[in-house]
Each structure stands twice: as C-alpha cells, then as structure tokens.
Amino acid sequence: MTETFKYGAALAADIEARWQENWEREGTYEAPNPSGALADGSGRAELPKKFIMDMFPYPSGAGLHVGHPLGYIATDVYARRLRMTGHNVLHTLGFDAFGLPAEQYAVQTGTHPRVSTEENIGNMRIQLRRLGLGHDTRRSVSTIEPDYYRWTQWIFLQIFNSWYDERVGRARPIAELVAEFESGARARPDGRAWSDLTTAERADVLSGYRLAYASEAPVNWCPGLGTVLANEEVTADGRSERGNFPVFKSRLRQWNMRITAYADRLLDDLEPLDWPEAIKLQQRNWIGRSEGARIDFTVPAAEGAEGNGGAEHAVAVFTTRQDTLFGATYMVLAPEHHLVDAVVPEAWPEGTRPAWTGGRADPREAVAAYRKRTAAKSDVERQADAREKTGVFTGAFAVNPANGERVPIFIADYVLMGYGTGAIMAVPAHDSRDFAFARAFDLPMRCVVRPTDGRGTDPAGWDDAFVSHEAEIIDSAGPDIILDGLDVPAAKKRMTAWLERGGVGEGTINYRLRDWLFSRQRYWGEPFPIVYDEDGIAHALPESMLPLELPEIDDYSPRTFDPEDADTRPETPLSRNREWVEVELDLGDGPRRYRRETNTMPNWAGSCWYELRYLDPRNTDRLVDPGVERYWMGPRDGMPLGGVDLYVGGAEHAVLHLLYARFWSKVLYDLGHISSAEPFHRLFNQGMIQAHVYRDSRGFPVPAGEVEERDGRWYHGDEPVGRELGKMGKSLRNAVTPDEICAEYGADTLRLYEMAMGPLDVSRPWDTRAVVGQFRLLQRLWRNVVDETTGESVVVDEQPDEATLRAMHKAIDGVGRDLDALRFNTAIAKITELNNHVTKQPRVHREVAETLVLLIAPLAPHIAEELWSRLGHTDSVVHRPYPLADPAYVVDETITCVIQIRGKVKARLEVAPDIAETELESIALAHPVVRGALGDAGIRKVIVRAPKLVNIVPA
Ligand code: ANZ
C-alpha cells in the first residue's frame, strides 16, 4: 500500500509551493490604504489597523542563514494572528541596499555595485519567499532605486531648507528666518542689516542655522576605508567599525546634520515609547545630558606677560561639580584650545617645577612638543581611564573667581576639545582623572567634600579621589560665598546662583551628542542634491530635478590610503567624472555654471524613513499622502506620538539607526509632512540564533556539518575538535541555510522550530537534529485530519466529549494570549498538547480538527491552508476569525510554582495545574527575576517538576 498522502518532505514542498502561488495570485496579504493607489473596495481599510515591521536587511552576497529570518518569522506569526482577529495589517519587507560591502566587492571583482546588489536582492527574495512570509509585496522598497532615493534626497532638501527655532522648539522653513532678518524682526548679532550683507555673507549666516550644513571641522578620517565616519561608526578603541582600520581626527569640509538641536526632544520623547529599557538607556547615555555650570577663570594680563600681549583673558570651564570650586588646584586646557597660544609666556615663571616642563627650555617649546605628541591620538585613547596621564605646564596661571587663588594652567590630552568648553578646573581630591594627574605632576590637592568612608580629609594619604554626591561640603568659604555644611545638590545651587549674580559663570547643560557627520567619500550612496556656484555657495536643486541619479562611472572604487597615514586626504569617486560634476543649470536666475557636490550620503540615510515609503510606495507627487500616513502611523490611544505598532530587530541598532530615524521623523513632523513625531512606537529586540563552532588543534573552524559526536567528544574525520558556542556564519563554517531545512522538512517545520526554540528575546543555540521534533508535530496533525492513502478528511461531524472540549478551549484561550504577547514557544507547546490529546482519541471531531488548524495557522500557514481546504472549505484561513474560547470550559484554578536557582527560591508563578513541562520550563527561564539572576551565565541543567517546581542550575 503506497501512502501518497503521507506528510513528508515531498508533500510539504508541493503544498508550500502551491499555497505560495495561490497567495500571490489572490493578493492575500495586500493591505489596502484608505485612499489613493493602494485603496480597494474590500472594506478592510475600515478595520482597526496594525503596522508591523522588521528591520530591513542589507542584501548580502552570502545569502540568508537560519539565524536571519528569526525576527521575520516572528513578525509574520504576529501579523497573521492580527489578521485573524479582524485587523487590517501592513507587513512588508524592503532592502537597505546602499553600503560598503557591495562597493568593496566591486573593488575586488570589478562588478558594478548595482549589479551585485540587485543579484543579491533577487536571491534573498527567493529565499524569503520560501518561508511563506505574508508580505504585501507591492509595498517592498529598495533604497537604491531612483524612485526611492529621490525622496531621500527630497528629505535632505527639507532638512537643508530648515532651521531650528529655539523660541518655539521646532524646525521651521529657512525662508521664514530670511524673512525675519529682512524685516528686522530678528536682529543679527553684529547689528548689520540683512540688505547690507553680500550673498556670500548671507549664505554663511544661514549655514549657521540650517539643519543640514557643510562645515570644516575635525572629523573621523579613516584612510584605510578612504572615507570619513560618524562618531557612531567608530569603535571604543578608535577604529572603524567596518574593517577595523585606524581612525584619525582631521579637519575637513563635510556635511553635518544638526541633530543636537533635537537633543532634549530625543530624550523626552523616549518616555512614552514601548521600548526595552536597555535601549532607552543606551540612547540616553548617547545623548548624554549633563547639567552643570560654566565658570570663567581669568588669566591676568600681568601673568601672561608678553605672551598674551598684556591683555586679560577669560577661560571658561564646564563642570558638573561647581560645588567643588574651592577644591580646584589647577586648570587644564585641551592641547588644541584656541587660548593656549594667547596665554603662554616666553619664559617659565617663578615656581615652575621641573616635572611640569616636559624637559623643555621654555613654555612655547614645551607646548609645541606636547601638541605634536598627542595629535595622532583618538579621543577614545585620550580618555582611557587607565592610561598614564600626560601633559605640560603652559607657564600661565588663572584666578579662581571664588577665592582669588592663582592656579597653574596645564595642557593635557585627557581634556577633549570637542566637549564642554575644552577646558576644565581640576579638582583632584574629587575626580579620579584629576587625582591621577595631580599625583603624576606633584600638584596640590584639597578636600572640600567630607569623605563618608572614614579616610579622613587629607588627600595626601588617599589612594584615589573621593567621589560622592551625598556628602557634606567643607572648607569652602570665600569673601562673599560660603558652602560649608551644605550637601552637594544645595551647594551646586548656591554656587550657580552666585556665579550668575557675579557675572562669572552660569548654569549650563551639556550634551555628549554631536552633530551627525553626514557625508562619505564613496560611490555607492545617494548623491547630494546640492550644487556650488563660482563663489562656492551651496544651492539646493529644485524638486523638479530629483532624483539626481548616480552617474555611471568607470572607476567607482574609492581611493584608499595607507591605513596608518593620518596626513592623507579623501578623494571622492564622483569627483573623477567631469561631465557629471561640471554642469550648466537654470536654478531660476538663468543658465549658470555649477559644480556638483561629489560626496554621497552615508548608508544610514535610506533607513531613516523607509517606514513612511512602505505606506505609499507608488506616490509620485509626495513622499507619503498625509491621510495615508495618519491612517497607519498617526497618534492614537496610548501612542501619543504615533509610530509603527511593532518594530522588530537586533539590539545592535540601539543608537545609530534608531536615533537617526527618530531625528528625521521629528524634522518631517515639525515641517508638517507627517503626523507621527516618533517612527516606532513599540520596539522588540529578538535574540540571536547561535551555533556551535568546531575548531581543530590549530584553532581553525572546521565545517560543522561534518563533525561527529562519539562518546561525548567531537571528531572531524579522525581528528578530535573543540566545540564552543558562537555566532552563525560562513567564516565560522557553521552556517545552516533555510533552504537546506526547507528541502528536508518544509518551511512550516522550520518556522515552528525557530519559534519553539525559546522566548523570542533570548539567544538560543541552533540544533539541526532537533528540527525533526516539529516535523513530527505536523505529521501527527496531518494524520489527525487526513487519510494518508486517500487524502480524504477523516474527521467526524459529532459533538466532542467534555474532556476534549475542555482541552480545546483551554488551548484556544492560552494560544491566543501567547501569540499576542509574542510568546510563540509556549503557544506551540499548547498546540502540541491539544494535538496529542486528539491523537489519543478514537475519532477526530470536526470542531476540534478545525480549531487545531486555525490555531496553528499563524505559525504553519501552508499546512493550515491545505488542511482547511481538505476539510471542505473554499476560503483561505488567512482572514478567518481566530477561534474564541468559551469561558465555561476554561479553568481558572491555578497552582503556585516555585522557581529556584541552585535550590534557592527566586520567584513564584501562578500556573495551570496541568501545565506541560516544556512550557513551564520556558516560562521559568523567561521570568525577569531569573534572567536577572542568571545574567550572562549559561544554564547547565533545568529540573522541572510540573506544576510545582523548577530548579535551574547555572553553568
Ligand atoms: C570639576 C569636577 C570636579 C568635575 C569633580 C568632576 C568631578 P560629564 O558628566 O561627562 O558631563 N570635563 C569637562 N569638560 C571636559 C573635557 N572637555 N574633557 C574632559 N573632561 C571634561 O563630565 C563633566 C565633567 O568632566 C566636568 O566636571 C569636568 O570635570 C570634566 F569633583 O569639573 B568636572
């Protein structure tokens, strides 16, 4: 007897291909807009709506491994559940297709980046299609399409043509600023009338306001990549995130985005977002708001002698500890500080200690030598706490405004030019870096905050600074200010008020956030819609000239340099194409010659706004129709700032992409183009799928698929190999592709396995041998519904017994709630349990069979469709209502389960008395207290005694 209808690889492949074609033909996943090109008469646009999104992929040449689609499958399951609960669901996926890898591949192989990128997109589309993802393919976009980057350029122009009006706290069109200058409503700092300024002067003034502006500033120059990089793209060791090349500070003319204008709003608006706390914290730290004070120290004319030409100078410091002003015993300027040259005298003054001079005969020589020494260091190197403190005395002294004391001024590289004022007052008794410096240079220390740890008030005997915000101020009295006896916050307040009264300082707020460096010296990016006239003034191209397409050029490779050579300068590939660069255009005042901007935008640009284009991908008149935007993303209940309902992706995008995208949203919102002030209301970070890496005795990875286990050891052929858990990838020779798993079991099994591996936000090791478990679930489900020889349905039209009804309604209730909470693993456990119950019954009742099929439909959509049709239905399960539990059959009685770690009680849980062991285990492991207690420690063993006890033994 041949079993033609047995659920095996061949049948799964046949079912899946058939349904994928069917869905495509029927447009099953098309989500209608309320109006415009993507509207339809289905009435679906009247349903409550949900916009579900994944972080779109870079189309890499390596293709997908099974780790990549974890999030895509999760959002798909969630979106399917939403469709079945009566929502109009927008879910699609595009490609973030500009970027360095294609360009580097192009340099190696001579293939045009567009060709390789499009080929990669094609391959990834095929891989993704096999997974049965319910995407509205009409809405898929790719950032390299001129139709798409036309709007990236358009947004750039919006940003270029606007400024941040502090008075109203939002961006406004630059034309309104010009009008204010023209009418005199806004005074200019130098008092000159707008009409008296030359064109170049006006352009200069405006550039100081524009939200996108070109300026010459110290930037991160990476000769090895041939491009400059954003701060966010430089690692903690001062190297390039991509390629790991050294990065140097060089002064170059570059485009910037004035993201700093939005620092406070970017902080405040985090509040109502439904994001993981850890990500919010990273954004807060990146923005780095510090409240403190500016304090002016004077460098008296007499002190500077000829050095400062007899003039008095004020040196402003930024401090967060104005309460410690009486403890300042020296001052430090960044070596690049503009006042250094002005204050340095010709000779070492009286009282200069030999250790301060760097062994030089006079201060100018000492300063020059020290500057040379620090020039090649990155900010990160300069700031490393552990590093030995270096510096040199400038020969000048400054006066402490609180007590009139003279303190020596040093230059030292631990003070950065780019933060605060580039100058500090040093309080060695209460700041660790100052303490180390003072020890190294034998500088005095003065304790002004009484230590609470019994160390006494004489810093001579201390090992480190005493740093505390909860202690009492001592020894802090000047002629007209006394802080003694106050606590730190009160002392700060009193000091700030005193500074402001005396005009020697004021309370200030400083941000760590810098403006976003926005140009790259690469070919494969969006061209700037900017041209320069003969005077070098930048002009925006009119909208009618967009898109400005990337020209075809012969040599698109970037010019790279000796990675160690800091003195090199970038050369942009576009600059080599004369005909493209030199153009005659009519920008409204007749045909004139212009030179195009030859930098390109960074690869973050296209991903800053793609959610908006998904909404209205075919609109040729606007970025997005306002009504359509409001429909999908506008502010609504519990989401005061609007945004995508759910955005899923990796935690590695905590600052870069997510901060930039928030910034662009806010500018577009301010200018009235969109109604959502935030792009992503809810953010969820999925865990990683890890994989075992097997290494031979030399430490080289061997192909994981060829490794065999014998007696608890691993062998590659006859050679014993070591095993560790790591990332999955080609270079570690442990990548498993979704195609392999689809070929062996089908996409439904792959989807179930990935969703069953554990809580979505936890990383889990891939185990190909375990995949078959989910395959068996589908086989049992299939046999419960279909006769394997005839293919006919085996269900009976009878009322199920009481026990079955109970099992069924409990499953319905639990699975629905699990899916809504993204707990896919426990949902699968409940479905498995119900399926097992059904397997044990003599007959399968139609009602239970149909329920099972609908329950599993979001997770395993192909088999669900097939079974649904074999049960006699002619419609698709995709838009069927999800089953509803009858409360009468759902037991609410629960039992308390104790969760222990190494036998110690850590938490208690209310669970159903008949909870499955697998489910209990995963709930326990996902418990926040347990996760917190385990930290990064792996798990050696989990002992489950359902329903009362779970004991976890960490590795
Ligand atoms: C005096 C002082 C006393 C400080 C004390 C700290 C402790 P955050 O919180 O990161 O904003 N600082 C200011 N500008 C600097 C620069 N350009 N380079 C290096 N360090 C700089 O840090 C602010 C503190 O960092 C400031 O407060 C200043 O040291 C230092 F007991 O001033 B403080």
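Order of appearance sets the numbers: ligands from 1, and atoms from 1 within every ligand.
Distances shorter than 4.0 angstrom do not occur between any heavy atom of N510 and any atom of ligand 1. At least one heavy atom of S290 lies less than 4.0 angstrom from ligand 1.
Annotation: L486, atom CG; neighbour count of heavy atoms from other residues, nucleotides and ligands within 6.0 Å is above 12. By the neighbour-count criterion of 12 heavy atoms within 6.0 Å, atom CD of E216 is densely surrounded, having more than that number from other residues, nucleotides or ligands. Few gaps surround CZ on F441; more than 12 heavy atoms of other groups in view lie less than 6.0 Å from it.
Interface atoms of ligand 1 facing Y414, defined by a heavy-atom separation under 4.0 Å, are 18 (N), 19 (C). Against a heavy-atom cut-off of under 4.0 Å, M425 is close to the following atoms of ligand 1: 1 (C), 32 (O). For ligand 1, the atoms closer than 4.0 angstrom to any heavy atom of R433 are 20 (N). For ligand 1, the atoms lying closer than 4.0 Å to a non-hydrogen atom of T320 are 9 (O), 11 (O), 23 (C), 24 (C), 26 (C), 27 (O).
Checking S607 against Y660 by side-chain atom types alone, no donor-acceptor pair falls below 3.5 Å.
Side-chain N or O atoms of E500 include one that pairs as donor or acceptor with a backbone N or O of G507 at under 3.5 Å. No donor-acceptor pair under 3.5 Å is formed between the side chain of E233 and the backbone N or O of S240.
The proximity of T319 to ligand 1, defined as any non-hydrogen pair under 4.0 Å, involves the side chain as well as the backbone. Counting heavy atoms closer than 4.0 Å to ligand 1, residue I424 contributes side-chain atoms (C-beta onward) but none from N, CA, C or O. Contacts between R512 and ligand 1 below 4.0 angstrom, taking non-hydrogen atoms only, are absent altogether.
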key: Stepwise side chain to side chain contact (heavy atoms under 4.5 Å, CB included) test for V392 and R371   = CA-CA 10 Å; V392 75; R371 278 182 169 163; over 6 Å; no
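The shortest N or O to N or O distance between H430 and ligand 1 is not below 3.5 Å. At least one N or O atom of Y419, backbone or side chain, sits closer than 3.5 Å to an N or O atom of ligand 1.
Rounded to the nearest 0.5 Å, atoms CZ (F561) and CH2 (W221) are 5.0 Å apart.
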